[in-house]
Amino acid sequence: MRERAEIAGELGLCELALREYRDAAEHLAWSLEQGLDHHDALSPAQYERFSKGLRKAEAFVGTLIVAVDPPDAEVIVDGTPLGRTARAHRLFLEPGQRTVRLLATGRAEALHVIQAVAGARHEIATELPRAAASSAKETTPATPTPVSAAPAARAEAPRPLSSSWPGALRIAGIGLTTASASFGVLFMVHARGADGDLAELNGKLDELGVTSWACREPSPPATCAELSRLRRQRDQFAALGTGLVVASGVLAAATIASFFTHFGLGQAEPRRDNVALSPMAAPGQIGLVAHGVW
């Protein structure tokens, strides 16, 4: 127990240094509780250090004291279970609006919404009422319904494949177009940033009197490697961005064209004044056959 208390306290001090104030407060408070319950768990110097750290962490979080009956009620904060309360429990919350639910078997749940304030202390004291008794509907046997009372369900005619799969392809085309365009623009922005870094580095080298011919010497300066890396990064991002933007344009054109073309799968006759496309597969090739009436 002493080792666990020391580890929790030191972990809390590390989290305090990293500005993880809620985690720091939880670990430091637990360590100090063990020090009080077990007198040999912490030395006086450790107790003083951990207490000072807890006071610092509490200034950045809200402290919630939960007292509930029955004592085995479960506490759920913002959808995250925090375990049993043991009648009274101290919790640390990030500042802001928090939802606290209290649950217990055979009891009605309680819901509290609090505004956690950094450095402030909040309290919830409640008793969960017992769940309502079973209704008469649950105790009275239900009268069975005759089978003949319900009309037989009419089987729904299956939708033709030709009316469903083009819509799914169009939705997929719109999604792919949006994703390709978004990633393309993102890569092009990265390429522009890399180009700016490259220009800035070239400007600094010009100020130092280093010319582009210096990088072609047998022993080039160390900055030449950075120049090469930036050029490769810029070219790669630019190529990816351009390719994705072009691909999004092609997908957009194909998706738009699909709204003006009827895709028929297994359709005997094409619609009048329209074009029907049917898939065709042959050894070594696959494609679409267009047929229609003009």
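Here the structure is a predicted model, which means the values were calculated and not measured. The residues of the chain are indexed from 1 along the displayed sequence.
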**Fill in**
Note: Ala116 and His122 closest approach over all heavy atoms is CA-NE2, 3.6 Å
**Heavy-atom closest contact (Ala118 atom, Ala59 atom, distance)** = CB-O, 3.7 Å
**Request:** Quick one: do Glu26 and Arg22 satisfy salt bridge (Lys or Arg N to Asp or Glu O under 4.0 Å)? Show the steps, please.
**Result:** CA-CA 6 Å; Glu26 289 183 350; Arg22 188 183 67 82; 2.8 Å; yes
**Prompt:** Do the side chains of Val75 and Val68 get nearer than 4.5 Å, heavy atoms only?
**Reply:** no
**Message:** Between His27 (side chain only) and Ile7 (backbone N and O only), is there a donor and an acceptor less than 3.5 Å apart?
**Reply:** no
**Prompt:** Does Phe183 share a hydrophobic cluster with Val245, counting links as ILVMFWY side-chain heavy atoms below 4.5 Å and allowing steps through other members?
**Reply:** no
**Complete:** One should read off an interatomic distance between Leu111 CG and Thr126 OG1, to the nearest 0.5 angstrom, of 11.0 Å
**Request:** Drop me the distance from Ile65's CD1 to Ile124's CD1, to the nearest 0.5 angstrom.
**Result:** 10.5 Å
**Asked** Can you find a heavy atom in the side chain of Lys52 that is under 4.5 Å from one in the side chain of Lys56?
**Response** yes
**Request:** Compare all side-chain heavy atoms of Gln34 with those of Leu42 and state whether any distance is below 4.5 angstrom.
**Result:** no
**Message:** Considering only residues two or more places apart or on different chains, which pairs with a residue in residues 8-20 satisfy salt bridge (charged side-chain N to carboxylate O under 4.0 Å, His left out)?
**Reply:** Glu10-Arg49
**Request:** Indicate yes or no: at least one non-hydrogen side-chain atom of Trp30 is less than 4.5 angstrom from one of Leu11.
**Result:** no
**Request:** Answer with yes or no whether the hydrophobic clustering places Ile114 together with Leu102; edges join I, L, V, M, F, W, Y residues whose side-chain heavy atoms lie under 4.5 Å apart.
**Result:** yes
**Prompt:** When rounded to the nearest 0.5 angstrom, what distance separates CG in Leu64 from CZ in Arg98?
**Reply:** 11.5 Å
**Asked** With sequence neighbours left out, which residue pairs that include part of residues 106-125 fulfil the salt bridge (charged side-chain N to carboxylate O under 4.0 Å, His left out) condition?
**Response** Arg101-Glu109, Arg121-Glu123
**Message:** As an exercise, state the distance from OH of Tyr21 to CG of Leu28, rounded to the nearest 0.5 Å.
**Reply:** 13.0 Å
**Prompt:** Nearest heavy-atom pair of Gly53 and Leu13: which atoms, and what distance?
**Reply:** CA-CD2, 4.1 Å
**Message:** Quick check: closest heavy atoms across Leu128 and Ala73, and the distance to 0.1 Å?
**Reply:** CD1-CB, 4.0 Å
**Message:** Would a single hydrophobic cluster contain both Phe187 and Leu176, if residues Ile, Leu, Val, Met, Phe, Trp and Tyr are joined by side-chain heavy-atom contacts under 4.5 Å?
**Reply:** no
**Message:** Let me confirm one number: the CG-CZ distance from Leu16 to Phe60, rounded to the nearest 0.5 Å.
**Reply:** 8.0 Å
**Item:** Flag, side chain of Thr63 to backbone of Phe92, donor-acceptor distance under 3.5 Å
**Value:** no
**Item:** salt bridge (charged side-chain N to carboxylate O under 4.0 Å, His left out) contacts in which one or both residues fall within residues 244-254, not counting sequence neighbours
**Value:** none
**Asked** For the atom pair CG (Leu186) and CG (Leu244), what is the distance rounded to the nearest 0.5 Å?
**Response** 9.5 Å
